[in-house]
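Numbered from 1 within each chain, the chains take letters A, B, ... in sequence-line order.
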Amino acid sequence: AQRVTQPEKLLSVFKGAPVELKCNYSYSGSPELFWYVQYSRQRLQLLLRHISRESIKGFTADLNKGETSFHLKKPFAQEEDSAMYYCALRGNSGNTPLVFGKGTRLSVIA
Amino acid sequence: EAQVTQNPRYLITVTGKKLTVTCSQNMNHEYMSWYRQDPGLGLRQIYYSMNVEVTDKGDVPEGYKVSRKEKRNFPLILESPSPNQTSLYFCASSRTGVSYGYTFGSGTRLTVV
């Protein structure tokens with residue numbers, strides 16, 4: 001079964017401090033992993049895909065298959081990063097649904 | 001503009017009165033899905049559809065129906081809404097293939113009294 005765990009419901013950091021949002025997953029095959037962001041009163045937006053190995057808005061995430069993790073990191077938090085962040089997993093068998101974690105609310109304090 | 005459009009954005013209704021939330025996408029995506037978002041529970045999938053006339057239950061399908069008669073539309077039907085269906089609903093679509101993320105609609109905030 002596919003499962004995504006985000007252990008922190010709320011993470012508060014000061015502006016300029018490093019940020020790490022944790023995500024662990026459970027899946028027997030090779031998953032595709034994503035991070036979505038939801039700013040206040042807005043729709044969910046795709047932030048990162050692990051397959052792209054990209055950096056968006058200063059965020060990066062590395063897939064660690066040994067630890068089954070896909071933590072989201074940013075070296076210096078900005079106030080505009082305050083939002084809800086969801087980690088999501090999609091299995092590699094073709095048309096499997098996207099499974100979301102319960103989300104972590106990031107609050108960046110000025 | 002490529003997008004997923006949901007209507008209405010806000011809806012207040014009474015228990016038992018049938019309602020439909022519409023979802024339409026203009027990206028020719030094969031895959032569409034409905035989620036509900038509740039505090040502390042995150043996003044839970046209600047139903048999904050891999051293509052026209054193909055629908056499957058998600059994690060929380062009870063009390064909901066869907067149909068996929070056309071590729072672009074995927075309405076969510078509540079035949080007899082109850083207060084525990086008060087939630088924020090999101091429609092999403094995607095191309096098939098595991099590398100594609102979802103494009104989400106703006107959400108529908110439903111209150112059942």
Engineer: State, with a plain yes or no, whether a side-chain heavy atom of A:Leu44 is found less than 4.5 Å away from one of B:Leu43.
Structural biologist: yes
Engineer: Check whether any side-chain heavy atom of A:Gln38 sits under 4.5 Å from a side-chain heavy atom of B:Phe90, and report yes or no.
Structural biologist: yes
Engineer: Within a reach of under 6.0 Å around CD1 of B:Ile12, are more than 12 heavy atoms found that belong to other residues, nucleotides or ligands?
Structural biologist: no
Engineer: OH of A:Tyr86 to CD of B:Gln37: how many Å apart, nearest 0.5 Å?
Structural biologist: 3.5 Å
Engineer: Let me know if B:Ser106 has heavy atoms under 4.5 Å from chain A in its side chain, its backbone, both or neither.
Structural biologist: both
Engineer: Test of understanding: clusters of I, L, V, M, F, W, Y form through side-chain heavy atoms closer than 4.5 Å, transitively. Do B:Val4 and B:Tyr31 belong to the same one?
Structural biologist: no
Engineer: Is there a path of hydrophobic side-chain contacts, each under 4.5 Å between heavy atoms, that joins B:Ile46 and B:Tyr35?
Structural biologist: no
Engineer: Return yes if a side-chain donor-acceptor contact under 3.5 Å exists between B:Tyr102 and A:Gln45, otherwise no.
Structural biologist: no
Engineer: Is the NZ atom of B:Lys71 crowded by more than 12 outside heavy atoms at less than 6.0 Å?
Structural biologist: yes
Engineer: Is B:Arg44 atom CZ crowded by more than 12 heavy atoms from other residues, nucleotides or ligands, each under 6.0 Å away?
Structural biologist: yes
Engineer: Between B:Gly58, B:Ser33, B:Ala92, B:Gly105, which residue shows the highest count of heavy-atom pairs closer than 4.5 Å to chain A?
Structural biologist: B:Gly105
Engineer: Atom CD of residue position A:Glu67 - does it have more than 12 heavy atoms of other residues, nucleotides or ligands inside 6.0 Å?
Structural biologist: no
Engineer: Does a sphere of radius 6.0 Å around CZ in A:Phe76 hold more than 12 heavy atoms from other residues, nucleotides or ligands, not counting ones at 6.0 Å or beyond?
Structural biologist: no
Engineer: How far does CZ of A:Arg43 sit from SG of B:Cys91, to the nearest 0.5 angstrom?
Structural biologist: 10.5 Å
Engineer: When rounded to the nearest 0.5 angstrom, what distance separates CG in A:Leu98 from OH in B:Tyr48?
Structural biologist: 12.0 Å
Engineer: Looking only at side-chain N and O atoms, does B:Ser94 offer a donor or acceptor that is under 3.5 Å from a partner on A:Arg90?
Structural biologist: yes
